[in-house]
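Order of the sequence lines fixes the chain letters, A, B, ..., with proteins taken first and strands second; residue numbering starts at 1 for each chain. Just so it is clear, the structure is predicted and the values come from calculations on it, not from any experiment.
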2 protein chains.
Amino acid sequence: MHDFKYINNELYCESVAIKRLTKKYGTPLYVYSRKTLVDHYRKLKDAFKSVNPLICFSMKANSNLAICRTLVKEGAGLDIVSGGELFEAFKAGASNKKIVYASVGKTKTEIETALKHRIFLFNVESLPELAMIDRLSAGLGRRQAVAIRVNPDVKPKTHKYITTGKEENKFGLDFDTARDIFLNRSGFKNLDIQGLHIHIGSQIVDSPPFVKAIQKLVDFVEEMEEAKINIKWLNIGGGLGIIYSGEKPQTAREYAKTVLPLLKKVKARLILEPGRFIAGNSGILVTQVLYIKTTPMKTFAIVDAGMNDLIRPSLYDAYHEVLPVSSPSYTIPREIRKYDIVGPICESGDFLAKDRKFINLKEESLLAVMGSGAYGFSMSSNYNSRPRAAEVLVDGNRHTLIRRRETYKDLIRTQI
Amino acid sequence: MHDFKYINNELYCESVAIKRLTKKYGTPLYVYSRKTLVDHYRKLKDAFKSVNPLICFSMKANSNLAICRTLVKEGAGLDIVSGGELFEAFKAGASNKKIVYASVGKTKTEIETALKHRIFLFNVESLPELAMIDRLSAGLGRRQAVAIRVNPDVKPKTHKYITTGKEENKFGLDFDTARDIFLNRSGFKNLDIQGLHIHIGSQIVDSPPFVKAIQKLVDFVEEMEEAKINIKWLNIGGGLGIIYSGEKPQTAREYAKTVLPLLKKVKARLILEPGRFIAGNSGILVTQVLYIKTTPMKTFAIVDAGMNDLIRPSLYDAYHEVLPVSSPSYTIPREIRKYDIVGPICESGDFLAKDRKFINLKEESLLAVMGSGAYGFSMSSNYNSRPRAAEVLVDGNRHTLIRRRETYKDLIRTQI
């Protein structure tokens with residue numbers, strides 16, 4: 001569900017016509033609906049309200065400060081993966097008490113900075129990292145709360161690049177190592193090892209992999225409780241899939257209905273780390289057709305957004321729905337054709353969509369690439385020396401530029 | 001061939017120890033050898049000197065101003081693909097007379113700017129683009145030289161994302177359409193349609209695809225000559241492969257030996273557009289090991305460079321050789337193990353190399369990812385809110401910071 005809808009054949013974000021936004025801000029343009037963003041957060045919050053979880057928005061999906069600030073104001077915490085995201089989290093107004101920090105490669109400097117800011121929780125991914133955090137906490141005279149990320153070895157059906165809970169992945173620790181850590185936690189004098197963390201991947205639409213992973217987690221917590229080890233926090237990560245095409249992902253309510261009974265037996269409080277679920281369908285990438293090119297094999301709509309703006313189709317073979325911003329009038333003759341929607345970048349991997357049917361697509365037509373609110377701008381680059389797109393946040397009938405378009409000068413700003 | 005070599009078990013770029021550079025500039029760090037860069041340009045120039053071609057360095061491979069300036073000073077022209085690259089080309093000191101502009105998606109503004117700067121040649125990719133350049137030239141009272149990019153429908157053995165000369169690709173025009181254009185070129189009153197362009201892809205290591213494509217081009221030129229149409233420029237693009245692993249790519253000399261006899265019969269002057277061939281092996285990405293992580297399945301060396309710094313392994317399944325910056329001493333016990341070299345980014349697609357053997361790899365070890373001079377920094381992003389790496393150019397025993405490392409503040413600079 002989202003708030004991008006046609007009114008009189010024109011695509012709107014809430015009460016603002018997309019066409020109006022492109023006139024003011026140009027293309028390519030990321031447009032976000034505040035309402036959609038907040039609604040998705042609230043849906044998750046409501047579904048789990050019986051256990052009052054800490055919901056930490058996963059900033060890597062979209063770290064725009066205005067987006068994060070909107071969620072922080074709703075009460076969300078933030079799930080960070082780098083020192084850069086820690087910096088941004090504070091700029092977005094997050095409380096240090098609601099920041100959880102995951103990453104297999106936290107540097108010494110990043111850890112020290114996070115410790116100094118007294119963030120809530122580190123999700124620890126390896127033994128040497130655990131030792132490093134312990135050592136650095138000692139140096140700062142602090143005692144830091146940590147959760148151990150375990151790798152439950154489940155195989156969700158999603159792109160191989162975004163499964164993270166299989167045994168061959170770089171993430172987390174096996175249960176045997178986790179058990180050793182908990183049983184010997186007095187050895188880490190400066191750490192309060194009080195949580196367990198899993199994150200099995202991203203864009204997972206069905207519940208069995210979650211059930212399987214969480215069951216393993218619960219079994220482990222019970223085993224620990226028998227050993228008189230109290231686990232206070234159960235972080236079940238993110239990974240909830242959204243609708244890009246014909247997916248029928250579980251709703252927040254269905255997810256809660258599946259997950260909560262599993263957790264009844266444990267006392268630990270719950271942490272959720274949704275990213276795509278909250279931001280994915282709250283944003284679109286608007287692009288303009290530059291040329292219609294017909295070749296003996298195909299018809300291409302060459303648009304002004306490329307793989308530097310949205311790399312998901314190239315990198316993950318991801319499907320994004322593409323809609324016309326102005327739906328064609330039915331009074332004129334209709335010509336339905338199949339198009340490849342491709343960008344201006346000089347490689348064949350630069351495509352947004354393949355073999356899609358449109359009516360009367362022509363130069364200057366505007367297209368909306370749906371579901372671009374997560375892993376869209378955050379993965380964008382300057383490849384082919386293309387300035388990065390602008391971002392606009394819509395709230396009812398108001399619209400705010402939340403990131404200005406880069407200029408050519410920005411491209412060389414750090415060159416000396 | 002390149003100028004990264006071990007001296008007393010330490011990796012050097014020309015006369016500078018890589019370790020010294022990392023102490024001064026930190027990691028991850030791109031390091032380029034000026035000598036390697038210039039040598040590759042000269043090799044190509046020498047190999048083709050009998051026909052004195054215009055060699056235009058393909059900026060999309062590496063658009064750092066210092067890199068481009070170095071080649072411009074050697075006499076190179078620049079092959080651009082966007083308005084951003086045009087801007088950078090002039091900043092790098094390029095002459096407008098040596099700029100060729102290819103892209104399937106040139107915008108109106110980009111074309112107008114290029115026309116105003118009187119660039120040498122547009123490589124035109126479609127009929128509507130040809131009409132657009134004609135119209136805009138008229139508006140500026142100019143007559144612009146253009147080349148028609150033809151798609152020769154050959155299938156080189158390379159990654160599907162970087163083949164560009166197959167019939168189903170978005171690039172170029174078929175020969176029938178090109179014939180129509182040349183026969184009716186008086187219809188484009190503001191254009192001097194005087195060239196033919198092909199570019200069949202990138203990282204092509206053997207000659208047959210080039211021979212096949214160039215032969216088609218030559219046949220077409222002869223056909224046009226019979227029709228009294230004089231083609232002045234033959235732009236055979238880039239695409240020459242380099243050594244990443246065990247490839248045995250044709251040398252510049254071998255390439256010239258194959259290509260020049262084919263071109264004997266035509267009078268047109270030659271244009272070459274090498275990118276990777278010149279810059280690829282002139283640069284490395286230096287990274288530091290953060291953690292060694294052993295799991296039941298694998299041993300990971302988690303390093304401080306990720307897919308945001310170098311996306312080629314993830315995106316193209318590309319192989320890059322990875323070398324230790326300090327080769328281990330043979331007097332200590334040797335432990336040879338297989339490692340996956342992975343970055344700190346939170347997805348399984350974030351790897352630089354898999355199953356590579358190293359001796360005694362440990363925390364703080366430095367590694368050099370070879371062959372990172374092309375499509376390395378130019379494709380880098382801020383994913384996971386990671387500031388982009390610094391770049392250093394080495395010339396003999398001197399080293400110059402040619403792009404400073406981004407800061408956290410840079411991440412939010414364009415947010416309002």
Side-chain angles (χ1 to χ4, degrees), chain A residues 60 63-65 81-82 84-85 87-88 91 102-105 107 126 128-129 160-164 167-170 174 290-293 295-298 300 302 304 314-315 342-344 346-349 363 378-381 383-387 401-404 406 408 411-412 414-416, chain B residues 60 63-65 81-82 84-85 87-88 91 102-105 107 126 128-129 160-164 167-170 174 290-293 295-298 300 302 304 314-315 342-344 346-349 363 378-381 383-387 401-404 406 408 411-412 414-416:
Chain A
K60 63 185 173 294
S63 63
N64 185 295
L65 299 184
V81 295
S82 70
E85 287 191 358
F87 173 84
E88 293 170 329
K91 292 281 173 196
S103 162
V104 295
T107 67
S126 69
E129 184 199 330
K160 62 178 180 177
Y161 279 3
I162 51 177
T163 65
T164 53
E167 207 179 2
E168 67 264 35
N169 296 147
K170 66 185 176 184
D174 60 288
L290 297 171
Y291 302 103
I292 302 293
K293 176 171 176 176
T295 73
M297 295 277 284
K298 286 199 169 229
F300 296 96
I302 299 167
D304 66 0
S314 300
L315 186 59
V342 300
C346 288
E347 55 185 90
S348 298
E363 285 181 24
S378 71
M379 300 187 83
S380 70
S381 77
Y383 187 40
N384 276 208
S385 296
R386 288 168 50 80
L401 185 67
I402 58 174
R403 184 176 335 235
R404 72 159 170 81
E406 283 184 332
Y408 291 156
L411 297 173
I412 59 165
T414 53
Q415 294 183 56
I416 297 151
Chain B
K60 63 183 172 297
S63 63
N64 185 294
L65 299 185
V81 295
S82 70
E85 287 191 358
F87 173 83
E88 292 171 328
K91 292 282 173 195
S103 161
V104 296
T107 67
S126 69
E129 183 198 330
K160 62 178 180 177
Y161 279 2
I162 50 176
T163 66
T164 54
E167 207 180 2
E168 68 264 35
N169 297 146
K170 66 185 177 184
D174 59 288
L290 296 171
Y291 301 103
I292 301 295
K293 176 171 177 178
T295 74
M297 294 276 284
K298 286 197 169 232
F300 295 96
I302 298 166
D304 66 0
S314 299
L315 186 59
V342 300
C346 289
E347 55 184 88
S348 299
E363 285 181 24
S378 71
M379 302 188 82
S380 70
S381 78
Y383 187 40
N384 276 210
S385 296
R386 288 168 50 80
L401 185 67
I402 57 173
R403 182 175 338 234
R404 71 159 170 81
E406 284 184 331
Y408 291 156
L411 297 172
I412 59 166
T414 53
Q415 294 183 56
I416 298 151

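The greatest number of non-hydrogen atom pairs below 4.5 Å with chain A, out of B:Ala102, B:Ser82, B:Ser314, is found for B:Ser314. Listed options B:Ser126, B:Ser348, B:Pro344, B:Ser380 were ranked by heavy-atom pairs under 4.5 angstrom with chain A; first place goes to B:Ser348.
Proximity to chain B involves both the backbone and the side chain of A:Pro128, based on heavy atoms less than 4.5 angstrom apart. Heavy atoms closer than 4.5 Å to chain B are found in both the backbone and the side chain of A:Lys170. Looking at B:Glu88, the atoms closer than 4.5 Å to chain A (heavy atoms on both sides) all sit in the side chain, from C-beta outward. In this structure, the portions of A:Leu401 lying under 4.5 Å from any heavy atom of chain B include both its backbone and its side chain. Within the 4.5 angstrom heavy-atom criterion, atoms from both the backbone and the side chain of A:Glu129 approach chain B. With a threshold of 4.5 angstrom between heavy atoms, B:Tyr408 approaches chain A through its backbone and through its side chain.
What you find for A:Val104 and B:Tyr291 is that their closest heavy atoms are O-CD1, 3.5 Å.
In this structure, the separation between CE on A:Met379 and OH on B:Tyr383 is 4.5 Å, given to the nearest 0.5 Å. To the nearest 0.5 Å, atom OG of residue B:Ser63 and atom CG of residue A:Asn384 are 9.0 Å apart. To the nearest 0.5 angstrom, A:Met297 atom CE is 4.5 Å from B:Glu168 atom CD.
B:Gln415 contributes a side-chain N or O that, together with a main-chain N or O of A:Leu65, makes up a donor-acceptor pair within less than 3.5 Å.
In this structure, the side chains of A:Cys346 and B:Thr164 stay at 4.5 Å or more apart for every pair of heavy atoms. Taking 4.5 Å as the limit, every side-chain heavy atom of A:Thr295 sits out of range of all side-chain heavy atoms of B:Asp174.
No more than 12 heavy-atom neighbours from other residues, nucleotides or ligands sit within 6.0 angstrom of NZ on A:Lys91.
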